[in-house]
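One structure is given below, encoded as structure tokens.
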Amino acid sequence: MASYENTRPERISHVRETHPLLQVARNHAEQNILPNVDAWNAAKTWPREASDKAGAAGLTGLYAPEELGGQGLPLSEGIQVYEQLGLGDGAYAFALSMHNICTYAGCGYGTDAFKEKWARDLTSGRKLANFALTEPQSGSDATNMYSRAVINDDGTWTISGAKAWVSLATEADIYFNVVKTSDTPGHKDMAMIAIPADAPGLTFGPLYKTPSYGFLPLAEMNMDQLGVDEANIILPIGQGMQGSLMAIDIARVSIASGCCGLMQAALNTALSYSMNRKMFGCKNLDLDGIQWMLGEVATDLEVSRLLYKKAAQALGTPEGPLMTAHAKRFVPDAAVKAANTCTQVLGGMGLLLPYGLDRLSRLAQMLRIVDGTTEISRVVIGRALQKRAATLPDLPVPKGFGEAD
Ligand SMILES: Cc1cc2nc3c(=O)[nH]c(=O)nc-3n(C[C@H](O)[C@H](O)[C@H](O)COP(=O)(O)OP(=O)(O)OC[C@H]3O[C@@H](n4cnc5c(N)ncnc54)[C@H](O)[C@@H]3O)c2cc1C
């Protein structure tokens with residue numbers, strides 16, 4: 001007779017390795033996000049009450065040190081929180097991930113004066129932060145930046161320019177902006193500076209009209225001769241782009257994590273429905289074709305989990321950018337496929353609002369774009385492949401077959 005005893009220790013140790021905050025995040029998704037997300041989208045306002053609760057539960061200072069009120073989690077553990085939040089809503093998970101990254105940067109690299117003023121409010125979620133890199137003319141081509149900071153004699157900075165696609169626009173209390181400090185092309189003069197929402201000269205354009213994450217305010221941010229104290233410099237001149245790339249890598253893996261929650265939510269809905277819907281004398285779920293469709297989703301989900309966790313482990317190592325690119329290329333695509341497949345499994349019902357699958361499809365597509373598109377991930381992977389090719393022995397191309405010079 002097969003013994004199941006032997007499998008137990010492994011299972012228990014797996015449970016022990018799981019950080020209690022993951023359960024907290026799951027509860028937050030089940031109790032605060034899922035029951036309310038349709039109402040939030042209809043109201044088109046950021047659910048501050050929910051993010052306050054997330055803060056009180058410890059979800060807004062994941063990587064910040066405990067002495068500043070944070071949870072002190074390593075990135076590889078903290079990033080798993082977004083898989084749980086993604087069970088509720090991917091856009092909400094994304095916004096909290098951006099807040100956590102800014103909080104990590106502010107608590108790690110900010111000046112003492114900045115930490116004194118902001119750290120505890122950020123780690124507790126009483127104040128929210130977001131990251132502004134994209135400009136109207138530069139998304140993927142991020143170094144083509146027009147925002148300029150002029151450094152005054154007294155050390156203060158005067159900033160002019162515009163950012164685009166600013167998440168939590170008008171809602172965040174502070175924006176971590178990447179700016180150029182000269183007209184020299186390239187990124188060597190870039191810096192990151194935190195701009196409080198009440199800084200004179202800071203205004204926002206009208207909120208963008210989005211299809212199904214209406215509660216996430218998005219807008220253009222305009223900076224007109226805006227003055228900022230030097231205490232707010234998070235990354236000095238020369239480190240702005242490097243620091244942004246690290247922040248974006250963390251954001252990309254966080255998105256892959258959130259996508260896994262989204263895929264699980266879609267799969268759960270499809271399973272729950274198709275074990276009740278009857279056709280051709282059986283349950284939908286008894287049909288091979290339905291099982292195969294959902295089986296593919298289940299495999300993609302398992303692969304996606306392994307990939308984002310491996311990428312999260314690699315953050316901060318030389319392999320980090322490439323592993324991140326693999327995760328950001330693969331997982332959101334898998335999430336789009338999963339959400340569409342699960343919609344198909346429900347037939348017409350899959351298109352109706354209460355099942356939430358249409359929302360998941362649109363969210364998954366959004367997650368393919370934000371924080372570096374799938375194509376940009378392919379560019380990163382392609383460059384790594386070229387480097388690898390250069391280390392391999394030549395495989396000669398026969399004469400006349402288009403050999404390289
Ligand atoms: C919901 C949402 C929230 C966002 N929040 C923020 C935020 O808070 N802060 C912030 O700074 N930014 C934010 N962004 C901006 C986001 O990071 C950019 O949209 C993204 O980087 C892509 O830039 P783009 O939209 O300008 O597209 P473009 O750069 O114009 O790209 C257009 C198309 O060209 C493709 N492409 C680009 N380069 C190449 C290439 N070399 N080879 C092949 N194809 C290529 C792209 O993949 C894309 O398909 C947000 C975006 C969204 C949708």
Side-chain angles (χ1 to χ4, degrees), residues 41 44 46 86 89-103 105 128-147 161-180 187 190 192-195 197 204-205 207-223 234 240-241 243-252 254-255 258-259 262 324-325 328-329 332-333 335-336 359-386:
N41 275 325
K44 299 198 185 304
W46 173 257
D89 187 87
Y92 183 89
F94 160 72
L96 285 199
S97 81
M98 298 296 271
H99 166 85
N100 269 304
I101 292 167
C102 293
T103 301
L128 292 177
N130 189 45
F131 175 67
L133 172 71
T134 306
E135 297 192 355
Q137 76 294 342
S138 61
S140 306
D141 185 10
T143 56
N144 182 29
M145 187 180 285
Y146 293 170
S147 292
K163 295 288 173 186
W165 289 100
V166 178
S167 298
L168 289 178
T170 69
E171 185 66 40
D173 301 279
I174 193 158
Y175 299 88
F176 285 52
N177 278 31
V178 186
V179 291
K180 271 178 79 68
H187 61 84
M190 287 185 182
M192 187 189 286
I193 187 152
I195 301 180
F204 292 93
L207 294 182
Y208 299 167
K209 292 188 169 74
T210 51
S212 67
Y213 26 92
F215 67 84
L216 178 66
L218 286 158
E220 211 161 286
M221 167 196 275
N222 299 303
M223 297 164 285
I234 305 296
M241 185 43 88
S244 301
L245 290 177
M246 181 61 193
I248 290 171
D249 275 351
I250 302 170
R252 289 175 179 172
S254 307
I255 285 172
C259 282
L262 186 157
T324 297
K328 184 68 170 64
R329 185 198 75 71
D333 269 5
V336 168
R359 176 175 62 86
L360 297 185
S361 289
R362 285 166 186 275
L363 274 174
Q365 174 56 35
M366 180 273 264
L367 295 167
R368 290 181 81 215
I369 291 173
V370 65
D371 275 321
T373 63
T374 320
E375 291 70 36
I376 289 301
S377 292
R378 287 200 169 96
V379 170
V380 175
I381 295 166
R383 284 188 192 137
L385 290 178
Q386 282 177 320

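Just follow the structure's listing: the first ligand is 1, and inside any ligand the first atom is 1. Values in this document were obtained by computation on a predicted structure and should not be read as measured data.
Between Trp165 and Tyr208, the ring planes lie perpendicular to each other; the angle is over 60°, past the 30° to 60° tilted range.
Taking a heavy-atom cut-off of under 4.0 Å, ligand 1 is surrounded by Phe94, Asn130, Phe131, Ala132, Leu133, Thr134, Gly139, Ser140, Trp165, Ser167, Leu218, Met366, Ile369, Val370, Asp371, Gly372, Thr373, Glu375, Ile376, Val379.
A donor and an acceptor atom, one from each side chain of Gln365 and Arg368, are located under 3.5 Å apart.
In this structure, Tyr146 has no ring-ring contact (aromatic ring centres under 6.0 Å, His included) partners at least two apart in sequence or on a different chain. With sequence neighbours left out, the ring-ring contact (aromatic ring centres under 6.0 Å, His included) criterion links Tyr175 to Phe204. Every residue was checked against the ring-ring contact (aromatic ring centres under 6.0 Å, His included) condition with Tyr213, not counting sequence neighbours, and none meets it.
A donor-acceptor distance shorter than 3.5 angstrom exists from the side chain of Glu135 to the backbone of Ser147, with no hydrogens or angles considered.
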